[in-house]
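In what follows, every heavy atom counts, from backbone to side chain, and hydrogens, waters and symmetry copies are set aside.
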Amino acid sequence: MTKEDRYTKDGTTDCHNMPAIKKETGTWKACPYILGNECCERLAYYGINTNLVNYLKYQMNQSNVVAVSSVTNWSGTCYVTPLIGAFLADAYLGRYWTIASFSIIYVFGMTLLTLSASIHGLKPSCDSKNVCHPKGLQTGVFYLGLYLIALGTGGIKPCVSSFGADQFDDSDEAEKKAKSSFFNWFYFSINIGALVAATVLVWIQTNVGWGWGFGIPAVAMALAVVSFFSGTRLYRNQRPGGSPLTRICQVLVASFRKFRVKVPNDKSLLYETADEESVVKGSRKLDHTKQLSFLDKAAVETPSDHIKGSVDAWRLCTVTQVEELKSIIRLLPILATGIIFTTVYSQMGTLFVLQGNTMDLHMVGSFQIPSASLSLFDTISVIFWVPVYDRLIVPLARKFTGHKNGFTQLQRIAIGLVISIFAMLAAGTLELMRLRMVRKHNYYEFKHVPMSIFWQVPQYFIIGCAEVFTFIGQLEFFYEQAPDAMRSLCSALSLATTAFGNYLSTLLVNVVMDVSTRHGSPGWIPDNLNYGHLHYFFWLLAVLSVLNFGVYLLVA
């Protein structure tokens, strides 16, 4: 089969990682629409997530611990649902239609959330002391909108970065080099959206109202849909290759069925298709590897494997199919070491905001900056470090390492893990200083301690720097290591680390409070943080991050 035979007349391809034959499609020409979509979608997401803990605390009348848990549970769900989107993209819809259809669900959820915060009867009523009392229906509509958004983002997050990378051809050196740069600018566009959310939207939510504060992100999400569809004629689309989960299950079932069968020493005797491509049309075949040899039993041919002349896929699998599963298994340890990092990262939208609420919010004269807006310094950090990394660090590192990208993807992730430790040390040290001031001057009942909120800037800035190394490194690593027909699934698995990190944060907060409130103690994270020990929690995360880095060095 010639190269041209792999493509359809409209410039699409059945093969992951192969270019469209039409040169006017793909490359950077298609990327502005994809980056525009991601920028607007992330503006919508962070427009909710950045200040959600304050909405839950003051509008939904939840305690600190309940509000923090609600935010991290919802954020976690936003990063679990990509497993659904990835499955549909790889198996049935393809990335283009998965992004398009789930975007509609996202817009519907945003609309419902906006109505719950602006329509009389749906928004919580508050008394003269600004204490709100949400009713069952109001709470139900709010959470329905919130979790429809979580479902909507599940179809976008695992597909959009891979869809952008699909616009570049690995067989073309110039395009392959551009793809590495794409991941940096993809993350840059995310943080442009986050910057607007942390500044303009948080200020509107705090000073104008939550109806407008949720309504503007809803409009942004509608613009994300428009941007995505605008580039349709320029995209290189790749057709789904069948359910990757089915192929994984087939390997497991076949290998266990043959647990008594001996694997031949000559691995060329293992079953593989005679075609140039693998069983999944358009996907490249994978070479046999020695690890996890038990799974090789699935590719050993026996007389019972053929039914009426055809192969029973639940009894006999190809070497490529076995290697696909091995690739996924080899990724799991790296995935696991990302959980603690995302637990650290999740503090920006929860405990950092609550810590900021207790500090002096004045910026200039009588103007007060909302505590959630401090996350803009994380965004500024990312916007600063992405070009610096791409234009300065990479060329400099290339001279020492000889690697075309400066650092390997695993080295890049490791650097970010180390940097994240210092973010928690900075946050814990600041809280210790704040509590010393409280005790020295008896500020226990003060709503705002006379200590500028801008002391929080270093911890946000350090996390932003860590993101550029770890999150972008993970994006590129999981895309490159994924088998051709499983790229959306592997992207979803990398996002699942963020979900587990948020769920771990929920678990840690609740366990810590359960243990620390015994014998009548207010605990580490009480509603009035002036009586608490929030710095202990930050230092606990720092210790866990050090241990996690040690594990990473062993598995990487």
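- Of the N and O atoms on the side chains of Asn49 and Ser75, at least one donor lies less than 3.5 Å from an acceptor on the other residue.
- Residues Val68 and Val71 have side chains not in contact (no heavy-atom distance under 4.5 Å, counting atoms from C-beta outward).
- More than 12 heavy atoms of other residues, nucleotides or ligands sit less than 6.0 Å from atom OH of Tyr143.
- Residues Ile472 and Gln409 are not in side-chain contact: their nearest non-hydrogen atoms beyond the backbone lie 4.5 Å or more apart.
- Counting heavy atoms from C-beta on, the side chains of Arg330 and Gln481 never come closer than 4.5 Å.
- Between Leu410 and Ala556, the shortest heavy-atom contact is CD1-O, 3.2 Å.
- The main-chain N or O of Thr498 is found under 3.5 Å from a side-chain atom of Asn502 such that the two form a donor-acceptor pair.
- Without hydrogens or angle criteria, Trp524 side chain to Ser516 main chain gives no donor-acceptor distance under 3.5 Å.
- Ring centroid separation for the pair Tyr389 and Phe469 comes in under the 6.0 Å cut-off.
- Here the closest heavy-atom approach between residue Leu122 and residue Leu115 is recorded as CB-O, 3.8 Å.
- For residues 453-465, the set of pairs meeting the side-chain hydrogen bond (donor to acceptor under 3.5 Å, both in side chains) definition, not counting sequence neighbours, comprises Gln355-Gln456, Gln355-Gln459.
- Looking only at distances, no side-chain donor or acceptor of Thr114 sits under 3.5 Å from a matching main-chain atom of Gly211.
- Taking the ring centroids of Phe461 and Phe422, they lie at or beyond the 6.0 Å cut-off.
- Atom OH of Tyr45 is separated from atom NZ of Lys157 by 8.5 Å, given to the nearest 0.5 angstrom.
- Residues Leu56 and Ser70 approach most closely at CD1-CB, 3.6 Å, considering heavy atoms.
- Atoms OG1 and CE, on Thr343 and Met424 in that order, are 10.0 Å from each other to the nearest 0.5 Å.
- If you run ring-ring contact (aromatic ring centres under 6.0 Å, His included) between His533 and each of Tyr531, Tyr536, Phe537, only Tyr536 comes through.
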Legend entry - Test log, rule side-chain contact (heavy atoms from CB on, under 4.5 Å), inputs Phe182 and Leu35: CA-CA 9 Å; Phe182 165 78; Leu35 295 177; 3.9 Å; yes
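- A search for ring pair (Phe, Tyr, Trp, His ring centres under 6.0 Å) contacts involving Trp210 returns Tyr55, Phe214, not counting sequence neighbours.
- Counting heavy atoms from C-beta outward, Lys57 and Asn64 have side chains that approach closer than 4.5 Å.
- No side-chain donor-acceptor contact under 3.5 Å links Ser375 to the backbone of Asp378.
- For the residue pair Asn530/Arg439, the side-chain donor-acceptor check at 3.5 Å is not satisfied.
- The one candidate from Thr153, Ile192, Asn37 that meets the side-chain contact (heavy atoms from CB on, under 4.5 Å) condition with Arg42 is Thr153.
- Side chain of Arg412 to main chain of Val468: a donor-acceptor pair is present (N/O by atom type, distance under 3.5 Å, no hydrogens or angles).
- Centroid-to-centroid, the aromatic rings of Phe163 and Phe228 come within less than 6.0 Å.
- Using the six-membered ring where Trp is involved, Tyr443 and Phe446 have ring planes that are tilted, between 30° and 60° apart.
- Within the model, atoms OG1 of Thr139 and CG of Leu146 stand 12.0 Å from one another, a figure rounded to the nearest 0.5 Å.
- Residue Ser116 comes nearest to Leu113 through the heavy atom pair OG-O, 2.7 Å, listed as atom of the first residue, atom of the second, then distance.
- Contact annotation: the side chain of Leu430 approaches that of Met359 to within less than 4.5 Å [non-hydrogen atoms, C-beta and beyond].
- Distance alone, capped at 3.5 Å, is enough to place a donor-acceptor pair between the Ser101 side chain and the Thr98 backbone.
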Legend entry - Check against side-chain contact (heavy atoms from CB on, under 4.5 Å), Ile156 and Ser103: CA-CA 7 Å; Ile156 299 172; Ser103 293; 3.5 Å; yes
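- A donor-acceptor contact shorter than 3.5 Å links the side chain of Thr72 to the backbone of Ser69.
- With Ser420 contributing its side chain and Leu417 its backbone, the two residues share a donor-acceptor pair below 3.5 Å.
- Tyr345 pairs with exactly one of Phe352, Tyr79, Phe471 by the ring-ring contact (aromatic ring centres under 6.0 Å, His included) rule, that one being Phe471.
- Closest heavy-atom contact between Thr497 and Gly338: CB-C, 4.2 Å.
- Side-chain contact check for Leu223 versus Ser227: every heavy-atom pair is 4.5 Å or farther apart.
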Inset, instruction - For side-chain contact (heavy atoms from CB on, under 4.5 Å), just list the numbers for Thr342 and Phe500, CA-CA rounded to whole Å, side-chain angles, deciding distance to a tenth of an Å, and then say yes or no. - result: CA-CA 8 Å; Thr342 52; Phe500 295 140; over 6 Å; no
Legend entry - Worked verdict on Leu148 versus Leu112 for side-chain contact (heavy atoms from CB on, under 4.5 Å): CA-CA 9 Å; Leu148 278 175; Leu112 201 58; 4.2 Å; yes
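- At least one side-chain heavy atom of Trp385 sits less than 4.5 Å from a side-chain heavy atom of Ile393.
- Ser505 contributes no side-chain N or O that, together with a main-chain N or O of Gly501, makes up a donor-acceptor pair within less than 3.5 Å.
- Put simply, the side chain of His441 does not reach to within 4.5 Å of the side chain of Val449, judged on heavy atoms.
- Closest heavy-atom contact between Pro217 and Ala44: O-CB, 3.4 Å.
- Put simply, the side chain of Glu41 never gets that close to the backbone of Ala224: no donor and acceptor are under 3.5 Å apart.
- Within 6.0 Å of atom CH2 in Trp539, more than 12 heavy atoms from other residues, nucleotides or ligands are found, so the atom counts as buried in its surroundings.
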